[in-house]
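Predicted model, so just to flag it, every value in this text is computed and none were measured. Counting begins at 1 with the first residue of the sequence. Note: hydrogens, waters and symmetry copies are ignored here, and every other heavy atom, side chains too, is used.
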Amino acid sequence: MIDVNNLTQIPTDCSMTEFVGTTVLDTIGLVIPGIDDSLLGQMHLKKPYKSLGLISSRTGAAGQINAVDEAVKSTNTKVVSIELPRDTKGWGGHGCFIIIGGDNVSDVRRAVEISLEYIEKYAGELYISQAGHLEFTYSANADQALNMAFDAPIGRPFGFFCGSPAAIGLVMADLAVKASPVEVIRYMTPDQGTSHSNEVIVAVTGDASAVKNAVLTARDAGLRLLVSMGSYPETPSKPFL
């Protein structure tokens with residue numbers, strides 16, 4: 001048993017079999033080889049897989065969802081649940097809690113490993129300042145996770161832009177869709193589709209070049225507006241778009 005009076009004795013390199021890894025944005029990846037039946041019954045998953053992979057973070061959501069989307073494409077797994085908790089360590093947006101299911105625990109573990117690798121990449125398009133934050137992502141070929149979270153058409157390009165405070169999100173989304181011939185597939189606000197977070201989120205689809213241009217237009221406008229509030233944003237990774 002752990003001595004709770006001396007927690008510094010717990011090593012940071014966790015050796016539990018459930019542990020897969022961690023990455024930026026306070027993200028942890030875990031796996032449950034065979035979840036307890038009584039607990040599984042209370043989870044109300046679309047399919048009661050015994051082996052579950054878990055991606056959970058306190059900051060960011062779109063990048064993690066896009067990363068899981070990539071992971072399930074190359075493994076024999078399915079996305080069975082996506083939740084966006086109101087968190088972000090005191091900022092204006094969400095964290096995430098994503099469950100991946102599979103019949104083989106090795107497939108599930110591999111999906112979590114791939115997700116963690118992509119999250120580090122996609123975190124480069126999350127910009128956080130003292131005043132607010134912006135998040136962007138792009139996929140040339142949306143799959144299960146993006147479809148579940150944002151109604152993205154499977155197999156088509158997908159773009160996502162989010163701004164906090166919410167007014168920034170709406171202005172940059174308006175400029176983005178005016179600049180490119182894209183189709184708006186989701187519109188989310190503090191009272192619509194979010195966990196009452198201080199954001200406007202817009203997801204789009206269309207021709208690949210148009211979708212990517214819309215995301216870049218939103219990013220340019222959002223950064224100008226966010227910086228106007230008096231502080232410069234930082235990103236936990238390298239911008240990839």
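Heavy-atom minimum distance, Met172 versus Gly169: CG-O, 3.5 Å. Taking all atoms of both residues into account, the shortest heavy-atom contact from Ala173 to Val202 is CB-CG2, 3.5 Å. The minimum heavy-atom distance linking Ala111 with Ala71 is given by the pair O-CB, 3.3 Å. Annotation for Ser81 and Leu45: closest pair CB-CD2, 4.0 Å, computed over non-hydrogen atoms. In this structure, Val31 and Arg109 approach most closely via the heavy-atom pair CG1-NH2, 3.1 Å. The shortest non-hydrogen separation linking Ala142 to Pro153 is CB-O, 3.7 Å.
Each of Leu54, Asp103, Thr75, Thr77 was checked for a side chain to side chain contact (heavy atoms under 4.5 Å, CB included) with Val108, and the lone residue meeting it is Thr77. Of the candidates Thr59, Thr137, Leu134, Leu126 forms a side chain to side chain contact (heavy atoms under 4.5 Å, CB included) with just one, namely Thr59.
Side-chain contact, Tyr122 with Glu120: no donor N or O sits under 3.5 Å from an acceptor N or O.
Transitive grouping of hydrophobic side chains (ILVMFWY, heavy atoms separated by less than 4.5 Å) brings Phe161 and Leu226 into a common cluster. By the criterion of side-chain heavy atoms lying less than 4.5 angstrom apart, applied directly or through intervening Ile, Leu, Val, Met, Phe, Trp or Tyr residues, Phe136 is not grouped with Ile128; the two fall into different hydrophobic clusters. There is no path of hydrophobic side-chain contacts, each under 4.5 Å, that joins Ile201 to Leu216. In this structure, Met229 is a member of the same hydrophobic cluster as Val200, with clusters built from ILVMFWY side-chain heavy atoms closer than 4.5 Å. Under the 4.5 Å side-chain heavy-atom criterion for grouping Ile, Leu, Val, Met, Phe, Trp and Tyr, Ile154 is not connected to Val184 through any hydrophobic cluster.
Around the OH atom of Tyr232, the shell of radius 6.0 Å holds no more than 12 heavy atoms that belong to other residues, nucleotides or ligands.
A distance-only check finds no donor-acceptor pair linking the side chain of Thr27 to the backbone of Thr23 [under 3.5 Å]. Under a 3.5 Å cut-off, the side chain of Ser180 and the backbone N or O of Val211 do not form any donor-acceptor pair. Using modelled atom types, one side-chain atom of Lys73 and one backbone atom of Asn141 make a donor-acceptor pair closer than 3.5 Å. When atom types are taken as modelled, the side chain of Asp143 and the backbone of Asp69 share no donor-acceptor pair closer than 3.5 angstrom. No side-chain donor-acceptor contact under 3.5 Å links His133 to the backbone of Tyr127. Checked by atom type and distance alone, the side chain of Asn147 pairs as donor or acceptor with a backbone atom of Ala152 at under 3.5 Å. Of the possible donor and acceptor atoms, none in the side chain of Arg219 sits under 3.5 Å from a partner among the backbone N and O of Glu125. Of the possible donor and acceptor atoms, none in the side chain of Ser164 sits under 3.5 Å from a partner among the backbone N and O of Ala166. A donor-acceptor pair is defined here as one N or O able to donate and one able to accept, closer than 3.5 Å; no such pair exists between the side chain of His94 and the backbone of Ser197. Distance alone, capped at 3.5 Å, is enough to place a donor-acceptor pair between the Glu135 side chain and the Ala62 backbone.
A distance of 8.0 Å separates CG of Leu225 from CG of Leu175, quoted to the nearest 0.5 Å. Taken to the nearest 0.5 Å, the SG atom of Cys14 stands 7.0 Å off from the CD1 atom of Ile28. Taking SG from Cys96 and CG from Leu25, the interatomic distance works out to 9.0 Å, rounded to the nearest 0.5 Å. To the nearest 0.5 Å, atom NZ of residue Lys50 and atom CG of residue Asn104 are 14.5 Å apart. Expressed to the nearest 0.5 Å, how far CD1 of Ile99 lies from NZ of Lys46 amounts to 12.0 Å. Atom CG of residue Leu116 and atom NZ of residue Lys121 lie 15.5 Å apart, to the nearest 0.5 angstrom.
In this structure, Ile55 and Val112 have side chains that are in contact, with non-hydrogen atoms separated by less than 4.5 Å. Looking only at side-chain heavy atoms (C-beta outward), Met43 and Ile35 come within less than 4.5 Å of each other. Two residues are said to be in side-chain contact when any heavy atoms from C-beta on lie closer than 4.5 Å; Thr194 and Leu84 fail this criterion. Side-chain contact check for Asn66 versus Leu146: some heavy-atom pair is nearer than 4.5 Å. With a 4.5 Å cut-off on side-chain heavy atoms, Thr217 and Asp220 do not count as touching. In this structure, Glu183 and Arg156 have side chains that are in contact, with non-hydrogen atoms separated by less than 4.5 Å. Side-chain contact check for Leu241 versus Val215: some heavy-atom pair is nearer than 4.5 Å. Side-chain contact between Ser115 and Val20 is absent, with no heavy-atom pair separated by less than 4.5 Å.
Ring geometry, Phe150 versus Phe158: the interplanar angle falls under 30°, so the pair is classed parallel (tilted spans 30 to 60°).
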Given Val68 and Ile82, is the side chain to side chain contact (heavy atoms under 4.5 Å, CB included) satisfied, shown in steps?
CA-CA 10 Å; Val68 170; Ile82 297 175; over 6 Å; no
